[in-house]
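Take a look at the structure below.
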Amino acid sequence: MSDTKKRIATSALAMSFATFLSRISGYIKDMVLAGFFGASLVADTFFVAFRIPNLLRELFAEGSMSSAFIPVLTEYRTKKGEEEAKRIVRIVFTFILLVVGSIVLIGILFSPLIVRIIAPGFIPLPEKFNLTVVLTRIMFPFLLFISLASLLMGALNVKKVFFIPAFAPVMLNLSIILSVFTLTSYFEVPIIAVAVGVTIGGFLQFLFQVPSFFKNGYDLRIERDFRHEALKKISILLIPATMAMAVSQINIFVSTILASFLKEGSITYLYYSMRLIQFPIGIFGVAMGMAVLPLFSEHASKGEIDLLKKDFSFSLRLLFFITIPAMLGLIALRAEIIEVLFERGRFTHLDTLQTADALFYYSLGIWSIVGVRIMTAFFYSFQDTKTPVKISMAGMLTNIIASLILMRFLEHSGLALANSLASWFNLTLLYYSLRKRFGSPGTRIIAVSTLKTLFASILMALLVRFLYDLLTASAGKVFSLFLAIAGGIGLYITITYILKSDELAFLMDIIKKRRQR
């Protein structure tokens, strides 16, 4: 086992485990919200309002900040040492306070205009519109806190600290859950308590990382050297990186805008189905993307192109090996999973079926979304943020055209299918561009591995469907779901073992060595 492969796997494992805990707490949060608010008018207003700071979080925080910040910080740390790297962190911290703090104030002031743009279907409904404005204003400070949290995450990732930053979102989920149970009685409109919980949770997500941040030698002193070359580099990279991240969020916003013209509950159906596909995407795709970026950046700064391509090929194959079965398993048991997680209180069986329809079409894009994460990390490691943004713009146009066509036939599910089609197109163009510029990263090896994975995953999906239908007649739904998933995992491991999958052998080797310690 090569040292770099081990570093990729162990870093991704740490992030995946922490992200898994974060996602579990996120689903508990969603279960609480579904039980209290269902797929109602107030639920629609909250999810629209939350998407506004969530969009800006992707633009200025977790997405683009990492893409621009980590490669530059890695380069300065490699070439100029630890003290210069720490100084850069202080400068970026000061810059975020000034710039993002100003954006927050502007956002609060212009919230009515923002809501008009993002949910024009709410304008004829004063109650729905005004409540969305109030919720948006309450949640805008979340952007500043989450931006600071992302800075700490990037600085810690460069030091190969992955678990604490990936676990930090649990604080946000816990804050929202506690706000539902403890604050709703204090507000005439209970959903306002949830918005308060979002803002408090953003601050806690930042605060949770501070001890580890200080332990690794960083500090949060103000340093106003905005002419520093590193800040200029980060800013230059940040613009196209922000645009690239904006595209994925704009795709979601396009769906929100169009869904606001559909029947009540459509926005909520899309939200919960998107949340479910974010489970494998977050645990595996985002975790792997964040884990490999510092390593890819090291290779790029040292000119180790062949090593970078080998690590890229390995990362992509390992990612597909894990996410493709998760994708097909989610499709096979989509309605049953939604029923177990959300069908209670005001969330009805009809809501379950409508959400399951959207989940089917969203799930078709899981493999391509995670693949895009790894490919963009490859380009970002060379401080090339322009190529991904050009390609993502083409993907955005594909999504808009497909959404306008498909929603006429499939309603909200058509919007989900359009999102998946756009991600397929994005992945195809990124891979073509990578291969043209850097040469093949092992296309044949990736293709053979993916075909093995797909074959085993299809058989697994058929088994979990059969097992659930067989067991549910005599056992409870939760128990049947658990046994069906366990049986599917067992079959998948067996088939990939018979097919001599390199990825399975690698994971088994890691587990074996850990047991021997």
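Quick caveat: nothing in here was measured; it's all calculated off a predicted structure. Count residues from 1 along the sequence.
- Looking at Ile485 and Tyr468, their side chains never come closer than 4.5 Å, going by heavy atoms from C-beta outward.
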Derivation and outcome, side chain to side chain contact (heavy atoms under 4.5 Å, CB included), residues Leu483 and Leu467:
CA-CA 8 Å; Leu483 287 182; Leu467 282 178; over 6 Å; no
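- Aromatic ring centres of Tyr492 and Phe321 lie closer together than 6.0 Å.
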With side chain to side chain contact (heavy atoms under 4.5 Å, CB included) as the test, would you mind laying out the steps for Thr387 and Phe382 before giving the verdict?
CA-CA 11 Å; Thr387 299; Phe382 286 95; over 6 Å; no
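- Using a 4.0 Å cut-off between a side-chain N of Lys or Arg and a carboxylate O of Asp or Glu, Glu336 and Arg465 qualify as a salt bridge.
- Across all non-hydrogen atoms, the minimal contact from Phe379 to Pro388 is CB-CG, 3.8 Å.
- A distance-only check finds no donor-acceptor pair linking the side chain of His412 to the backbone of Met407 [under 3.5 Å].
- Ser313 contributes no side-chain N or O that, together with a main-chain N or O of Lys309, makes up a donor-acceptor pair within less than 3.5 Å.
- Side-chain polar atoms of Ser433 and Arg437 form no donor-acceptor pair below 3.5 angstrom.
- Using a distance-only test at 3.5 Å, with no hydrogens or angles considered, no donor-acceptor pair links the side chain of Ser266 to the main chain of Leu262.
- With hydrogens and angles ignored, the 3.5 Å screen pairs no side-chain donor or acceptor of Ser449 with any backbone N or O of Ile445.
- Between the side chains of Glu339 and Thr352, no donor-acceptor pair is found at a separation under 3.5 Å.
- Note: Leu316 CG to Asp311 CG = 12.5 Å, rounded to the nearest 0.5 Å.
- No side-chain N or O of Thr355 forms a donor-acceptor pair with one of Tyr271 less than 3.5 Å apart.
- Note on ring orientation: taking the six-membered ring where Trp is involved, the planes of Phe163 and Phe167 are parallel (angle under 30°, cut-offs 30° and 60°).
- Put simply, the side chain of Tyr431 does not reach to within 4.5 Å of the side chain of Ile391, judged on heavy atoms.
- Side-chain atoms of Leu454 and Phe320, non-hydrogen and from C-beta on, never get closer than 4.5 Å to each other.
- Annotation: the span from Leu330 atom CG to Ile337 atom CD1 amounts to 5.0 Å, rounded to 0.5 Å.
- Here Asp306 does not pair with Lys310 in a salt bridge; the nearest charged N to carboxylate O distance is not below 4.0 Å.
- Within the 4.5 Å cutoff, the side chain of Leu404 has heavy atoms near those of the Leu258 side chain.
- Phe479 is not listed as a side-chain neighbour of Leu471, based on a closest heavy-atom distance of 4.5 Å or more.
- Note: Leu430 CG to Ser423 OG = 11.0 Å, rounded to the nearest 0.5 Å.
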Would you sort out whether Phe46 and Val198 count as a side chain to side chain contact (heavy atoms under 4.5 Å, CB included), showing the intermediate values?
CA-CA 11 Å; Phe46 172 77; Val198 168; 4.1 Å; yes
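- Note that CE of Met153 and CZ of Phe162 are 10.5 Å apart. Values are rounded to the nearest 0.5 Å.
- Scanning both residues, Thr453 and Pro325, for their nearest heavy atoms gives CG2-CD, 4.1 Å.
- The closest side-chain heavy-atom distance from Leu172 to Phe142 is below 4.5 Å.
- Side chains of Asn173 and Ser25: a donor-acceptor N/O pair is present below 3.5 angstrom, by distance only.
- The backbone N or O of Ala149 lies less than 3.5 Å from a partner atom in the side chain of Gln209, making a donor-acceptor pair.
- Glu503 and Lys452 are not joined by a salt bridge, as no carboxylate oxygen comes within less than 4.0 angstrom of a charged side-chain nitrogen.
- Leu364 places a side-chain heavy atom less than 4.5 Å from the side chain of Ile331.
- Between the side chains of Asp351 and Thr348, a donor-acceptor pair is found at a separation under 3.5 Å.
- Between Leu429 and Ala394, the shortest heavy-atom distance links the atoms CD1-CB, 4.2 Å.
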In sequence, state the C-alpha distance, the side-chain angles, and the governing distance for Phe314 and Leu319, and then conclude on side chain to side chain contact (heavy atoms under 4.5 Å, CB included).
CA-CA 8 Å; Phe314 168 75; Leu319 195 55; over 6 Å; no
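- Taking the six-membered ring where tryptophan is involved, the planes of Phe438 and Phe378 are perpendicular, since the angle between them exceeds 60° and thus also 30°.
- Note that CG of Leu415 is 10.5 Å distant from CE of Met274, once rounded to the nearest 0.5 Å.
- Listed for the Lys159 side chain is a donor-acceptor partner under 3.5 Å among the backbone atoms of Asn216.
- Nearest approach of Ala358 to Ser413, heavy atoms of both residues: N-OG, 3.5 Å.
- Minimum heavy-atom separation, Ser175 to Leu204: CB-CD1, 4.4 Å.
- You'll find the side chain of Asn399 stays beyond 4.5 Å of the side chain of Leu421, heavy atoms only.
- Heavy atoms of other residues, nucleotides or ligands lying less than 6.0 angstrom from CZ of Phe482 number 12 at most.
- Under the 3.5 Å distance criterion, with hydrogens and angles disregarded, a donor-acceptor pair is assigned to the side chains of Ser440 and Thr443.
- The closest side-chain donor-acceptor pair between Thr496 and Ser501, if any, does not fall under 3.5 angstrom.
- Thr398 OG1 to Asn426 CG: the interatomic distance, rounded to the nearest 0.5 Å, is 8.5 Å.
- Ser368 approaches Ser420 most closely through the heavy-atom pair OG-O, 4.4 Å.
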